Amino acid sequence: MLTPVTDEDGAPFWEYAAQGELRVQSCADCGELRFPPRPCCPHCQSFASEWRPMSGRGRIWSYVLPHPPLLPEYAAQAPYNAVIVELADAPRIRLVGNVVATPGAPLNSVDPSRLRIGAAVRVAFAEIDGVVVPRWLLERG
């Protein structure tokens, strides 16, 4: 699996993920949320920021089922999904990830026929190759 590359702006996101928390950067002056993290607010140009906790709930905004040719590490797990999740408490914030059956399950652990645009999901965290990453679980109901 490819592991995320952290930079100074995004490091807090991964530090909170390691603690099992989903947080999004926000402007400490105007309050606007932003993702991906960056040093300056695109709304008011302030350099003051903070990290707000999110509920961890969202919906599938879009998804794709990659087809070969794939990177060798991923080819054995096909078919798997890559999703864009719109956060319930921050609809303009969308995160990329995978829907899995359980936090530590392989990428192909959910039958692709179960995925739908608008399906409710919730975040779960798993340590993969030494890095804690957010993943998504389908909500029941």
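Quick caveat: nothing in here was measured; it's all calculated off a predicted structure.
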Do [X] and [Y] touch side chain to side chain, with heavy atoms closer than 4.5 Å?
{"X": "Tyr63", "Y": "Ile117", "answer": "yes"}
{"X": "Ser46", "Y": "Cys30", "answer": "no"}
{"X": "Leu95", "Y": "Pro134", "answer": "no"}

Determine yes or no for a side-chain-to-main-chain donor-acceptor pair under 3.5 angstrom, with [X] supplying the side chain and [Y] the backbone.
{"X": "Asp111", "Y": "Arg114", "result": "no"}
{"X": "Ser62", "Y": "Ile84", "result": "no"}
{"X": "Asn81", "Y": "Asn98", "result": "no"}
{"X": "Asp9", "Y": "Arg38", "result": "no"}
{"X": "Asn108", "Y": "Tyr80", "result": "no"}
{"X": "Arg135", "Y": "Phe125", "result": "no"}

Q) If you draw the axis of the six-membered ring of Trp61, does the NZ or CZ of Arg94 fall within 45° of it and under 6.0 Å from the ring centre? A)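 That pair qualifies as a cation-pi contact.
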
With rounding to the nearest 0.5 angstrom, report the [atom1] to [atom2] distance, [X] to [Y].
{"X": "Ile128", "Y": "Leu107", "atom1": "CD1", "atom2": "CG", "result": "8.0 Å"}
{"X": "Leu138", "Y": "Arg122", "atom1": "CG", "atom2": "CZ", "result": "10.0 Å"}
{"X": "Ser55", "Y": "Leu22", "atom1": "OG", "atom2": "CG", "result": "8.0 Å"}
{"X": "Ser26", "Y": "Glu50", "atom1": "OG", "atom2": "CD", "result": "4.0 Å"}
{"X": "Tyr16", "Y": "Gln25", "atom1": "OH", "atom2": "CD", "result": "11.0 Å"}
{"X": "Phe13", "Y": "Phe35", "atom1": "CZ", "atom2": "CZ", "result": "4.5 Å"}

Heavy-atom closest pair, residues [X] and [Y]:
{"X": "Phe47", "Y": "Cys40", "result": "CE2-CB, 3.8 Å"}
{"X": "Asp29", "Y": "Cys44", "result": "CB-SG, 4.4 Å"}
{"X": "Met54", "Y": "Leu33", "result": "CE-CD1, 4.1 Å"}
{"X": "Val110", "Y": "Ala101", "result": "CG2-N, 3.4 Å"}
{"X": "Pro37", "Y": "Trp51", "result": "CG-CH2, 3.5 Å"}
{"X": "Ser49", "Y": "Arg34", "result": "CB-NH2, 3.4 Å"}

Can you tell me if [atom1] on [X] sees more than 12 non-hydrogen neighbours from other groups inside 6.0 Å?
{"X": "Trp14", "atom1": "CH2", "result": "yes"}
{"X": "Glu8", "atom1": "CD", "result": "no"}
{"X": "Arg52", "atom1": "CZ", "result": "yes"}

Q. What do the steps show when you test Val99 against Leu137 for side chain to side chain contact (heavy atoms under 4.5 Å, CB included), and what is the final call?
A. CA-CA 5 Å; Val99 174; Leu137 306 175; over 6 Å; no

(Q) Between the side chains of Glu32 and Arg92, is the shortest nitrogen-to-carboxylate-oxygen separation below 4.0 Å, so that they form an ion pair? (A)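 Yes.
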
Q.
Would you say Val121 ends up clustered with Val64 if hydrophobic residues are merged whenever their side chains have heavy atoms under 4.5 Å apart, either directly or through other cluster members?
A.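 Different hydrophobic clusters.
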
Q | Single-linkage hydrophobic cluster, 4.5 Å side-chain cutoff, Val96 and Leu115 together | A |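 Not linked; separate clusters.
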
